[in-house]
Amino acid sequence: MSDKLPEYEIFALKYATRDAKRTTHFIGGDPHDAPMPMDYFVWAIVGAGRTFILDTGFTAEIAKQRKRQHLRCPIDSLSMLGIDPKRVTDVILRHLHYGHVGTFHRLPQARFFLQEREMQWVVSRHMKYPFFQRSFEVEEVMGIVKLNFEGRIEQVAGEMEVAPGITLHPTPGHTPGLQVARVHTKRGWVVLASDATHYYENMRTNRPYSTAFHIGDMVDSYRTLERLAASPRHIIPGHDPIVMQEYAAPEKSMEGIVIRLDEAPKELPR
């Protein structure tokens with residue numbers, strides 16, 4: 001029997017965006033009041049006869065409420081990759097903020113991998129404070145709790161291998177129970193960083209994102225990303241529009257919507 005790890009394909013699907021300024025993306029602000037838009041993605045990991053979906057995005061209703069530009073339903077859009085949402089059995093939730101869990105109800109057969117610490121956090125004493133409440137949708141949190149009672153939440157305590165070549169790792173800071181996924185591909189270990197670093201610049205300059213539970217943990221988690229990835233070019237931030245420029249679409253019809261992350265990025269001018 002071969003011990004060689006599977007080499008997975010990874011796809012990022014852009015489903016929403018919003019206009020924003022640099023001052024909103026760094027603790028302490030930024031001296032330049034220039035535009036710094038934010039993109040929203042869901043991800044698919046495909047290989048070894050299995051499909052894993054990472055995060056489930058948010059609905060058009062929540063986009064309107066939060067003044068985001070909703071481009072397409074993230075779950076319906078999986079069909080572009082030949083993925084039937086009704087047959088998806090494995091979903092990794094990096095954390096429970098509104099942009100990562102909103103359409104979980106569209107995946108009726110799925111079990112959801114979530115850090116136990118995140119589940120505890122969303123029902124903790126801190127949720128009485130508006131600063132922490134603002135990034136959650138209470139109906140979604142209640143829905144996840146209900147799924148837990150139905151036995152569909154796989155609560156993870158620390159690091160875990162969910163399949164050969166796919167591992168989960170705690171990266172607290174943005175929330176206490178944030179986790180990232182490390183995926184083995186033909187170009188090496190790729191880390192899907194989610195909100196462990198919203199933008200390349202947060203990690204590169206050690207300036208944390210403005211929504212944080214613990215700033216020190218957030219900076220320490222940058223070092224975790226570096227340790228897990230084959231190189232800095234193997235770390236994929238959670239919301240940076242540059243990612244859409246760096247990576248190619250699987251085919252021409254998907255340009256501007258889907259990119260493939262298991263193939264080498266382009267070299268962009270700096």
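We use all heavy atoms of the structure for the numbers below, so side chains are in, but hydrogens, waters and symmetry mates are not. Everything numeric here is computed off the predicted structure, so don't read it as measured data.
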_Using only atom types and a distance under 3.5 Å, with no angle test, would you say the side chain of Arg152 pairs donor to acceptor with the backbone of Ala110?_
yes
*Please lay out, stage by stage, how Tyr8 and Phe52 fare under the test ring pair (Phe, Tyr, Trp, His ring centres under 6.0 Å).*
CA-CA 10 Å; Tyr8 293 91; Phe52 288 82; 7.2 Å; no
_same_hphob_cluster(Trp43, Val46) at 4.5 Å side-chain heavy-atom cutoff_ = no
*Determine, step by step, whether Arg223 and Val219 satisfy the side chain to side chain contact (heavy atoms under 4.5 Å, CB included) criterion, reporting the C-alpha distance in whole Å, the side-chain angles of both residues, the deciding distance to 0.1 Å, and the verdict.*
CA-CA 7 Å; Arg223 309 290 82 81; Val219 175; 4.0 Å; yes
*Between the side chain of Asp19 and the main-chain N/O of Pro37, is any donor-acceptor distance below 3.5 Å?*
no
*Flag, side chain of Arg18 to backbone of Met38, donor-acceptor distance under 3.5 Å*: no
_Sidechain-backbone polar pair: Arg134 side chain, Phe131 backbone, donor-acceptor under 3.5 Å_ = yes
_pair Glu226-Pro232: side-chain heavy atoms closer than 4.5 Å_ = no
*Can any side-chain N or O of Arg50 pair as donor or acceptor with the backbone N or O of Ala48 at less than 3.5 Å?*
no
_Nearest non-hydrogen partners of Pro237 and Ala193, listed with the distance_ = CA-CB, 4.3 Å
*Out of curiosity, Leu5 CG to Thr167 OG1, how far, rounded to the nearest 0.5 Å?*
9.5 Å
*Quick one: does Val190's side chain get under 4.5 Å of Asp262's, heavy atoms only?*
no
*Would you call Thr185 and Ile10 a side-chain contact if the rule is heavy atoms closer than 4.5 Å?*
yes
*Any ring pair (Phe, Tyr, Trp, His ring centres under 6.0 Å) involving residues 76-95? Give me the pairs, sequence neighbours left out, ordered by first then second residue.*
His95-His97, His95-His100, His95-His174
*Would you call the rings of His70 and Phe58 parallel, tilted or perpendicular if under 30° counts as parallel and over 60° as perpendicular?*
tilted
*Taking all atoms of both residues into account, what is the closest heavy-atom pair of Arg117 and Pro172, and its distance?*
NH1-CB, 3.9 Å
*Rounded to the nearest 0.5 Å, what separation is found between the CG atom of Leu13 and the SG atom of Cys73?*
10.0 Å
_Salt bridge check, Lys146 against Glu139: does any charged N sit closer than 4.0 Å to a carboxylate O?_
no
Going by atom type alone, with no hydrogens or angles, which donor-acceptor pairs under 3.5 Å involve a side-chain atom of residues 251-258 and a protein atom two or more places apart or on another chain?
residue	atom	partner	partner atom	Å
Glu251	OE2	Ser253	OG	2.9

_Parallel, tilted or perpendicular: rings of His126 and Tyr129 (30°, 60°)_ = tilted
_Salt bridge present between Glu61 and Lys64 (N-O < 4.0 angstrom)_ = no
_For a 4.5 angstrom cut-off between non-hydrogen side-chain atoms, does Pro241 reach Tyr199?_
yes
*Do the side chains of Ser135 and Thr211 get nearer than 4.5 Å, heavy atoms only?*
yes
*asked:* Is it the case that the side chain of Thr59 and the backbone of Ile62 share a donor-acceptor pair, with hydrogens and angles ignored and the cut-off at 3.5 Å?
replied: yes
*Verify, without hydrogens or angle tests, whether Asp217 (side chain) and His214 (backbone) share a donor-acceptor contact under 3.5 angstrom.*
no
*Ignoring hydrogens and angles, tell me if any N or O in the side chain of Gln179 forms a donor-acceptor pair with the backbone of Phe113 under 3.5 Å.*
yes
*More than 12 heavy atoms from other groups under 6.0 Å of CZ on Arg87*: no
*asked:* Membership question, hydrophobic clusters at under 4.5 Å side-chain separation (ILVMFWY): are Met127 and Met119 in the same one?
replied: yes
_Joint hydrophobic cluster, Val91 plus Leu54, side-chain heavy atoms closer than 4.5 Å_ = no
*Minimum heavy-atom distance Gly57-Val42, with the two atoms named*: N-CG1, 3.6 Å
*Using 4.0 Å as the upper bound for N to carboxylate O, is an ion pair formed by Glu9 and Lys186?*
no
_With a 4.5 Å cut-off on side-chain heavy atoms, are Leu96 and Ile144 touching?_
yes
*Hey, are Glu154 and Arg111 close enough for a salt bridge, meaning a charged N less than 4.0 Å from a carboxylate O?*
yes
*For a ring pair (Phe, Tyr, Trp, His ring centres under 6.0 Å) with Trp189, tell me which candidate from His234, His169, His184 qualifies.*
His184
_Using a 3.5 Å distance criterion without hydrogens, assess whether the side chain of Thr24 forms a donor-acceptor pair with backbone atoms of Ala20._
no
*Is the shortest distance from a Lys or Arg side-chain nitrogen in Arg106 or Asp76 to a carboxylate oxygen in the other one below 4.0 Å?*
yes
*With a 3.5 Å cut-off and no angle check, do the side chains of Tyr98 and Arg68 form a donor-acceptor pair?*
yes
*Same hydrophobic cluster for Leu178 and Ile215, using side-chain heavy-atom links shorter than 4.5 Å among ILVMFWY?*
no
*Arg94 bridged to Glu118 by N-O distance under 4.0 Å*: no
*Look at the side chain of Arg187 and the backbone N and O of Leu261, then say whether any donor-acceptor pair between them is shorter than 3.5 Å.*
yes
*Search all heavy atoms of Ala196 against all heavy atoms of Thr171 and return the closest pair with its distance.*
CB-OG1, 3.8 Å
*Using a cut-off of 6.0 Å, state whether more than 12 heavy atoms not belonging to Arg227 lie near its atom CZ.*
yes
*Supply the atom-to-atom distance Asp240 CG to Phe41 CZ, rounded to the nearest 0.5 angstrom.*
8.0 Å
*side chain to side chain donor-acceptor pair (under 3.5 Å) between His239 and Asp195, intermediate numbers included*: CA-CA 8 Å; His239 293 280; Asp195 291 2; 2.9 Å; yes
*asked:* Looking at every heavy atom in both Pro74 and Thr103, which two are closest together, and how far apart are they?
replied: CG-OG1, 4.1 Å
*Which of these passes ring pair (Phe, Tyr, Trp, His ring centres under 6.0 Å) with His198: Tyr40, Tyr222, Phe26, Tyr209?*
Tyr209
*Search all heavy atoms of Phe136 against all heavy atoms of Arg66 and return the closest pair with its distance.*
O-NH2, 3.3 Å
*asked:* Less than 4.5 Å apart, side chain to side chain, heavy atoms only: is that true for Asn148 and Leu114?
replied: no
*Step by step, work out the salt bridge (Lys or Arg N to Asp or Glu O under 4.0 Å) result for Asp30 and Arg207.*
CA-CA 10 Å; Asp30 186 86; Arg207 289 192 296 157; 2.9 Å; yes
*Does Ile259 belong to the same Ile/Leu/Val/Met/Phe/Trp/Tyr cluster as Leu78, with side-chain heavy atoms less than 4.5 Å apart forming each link?*
no
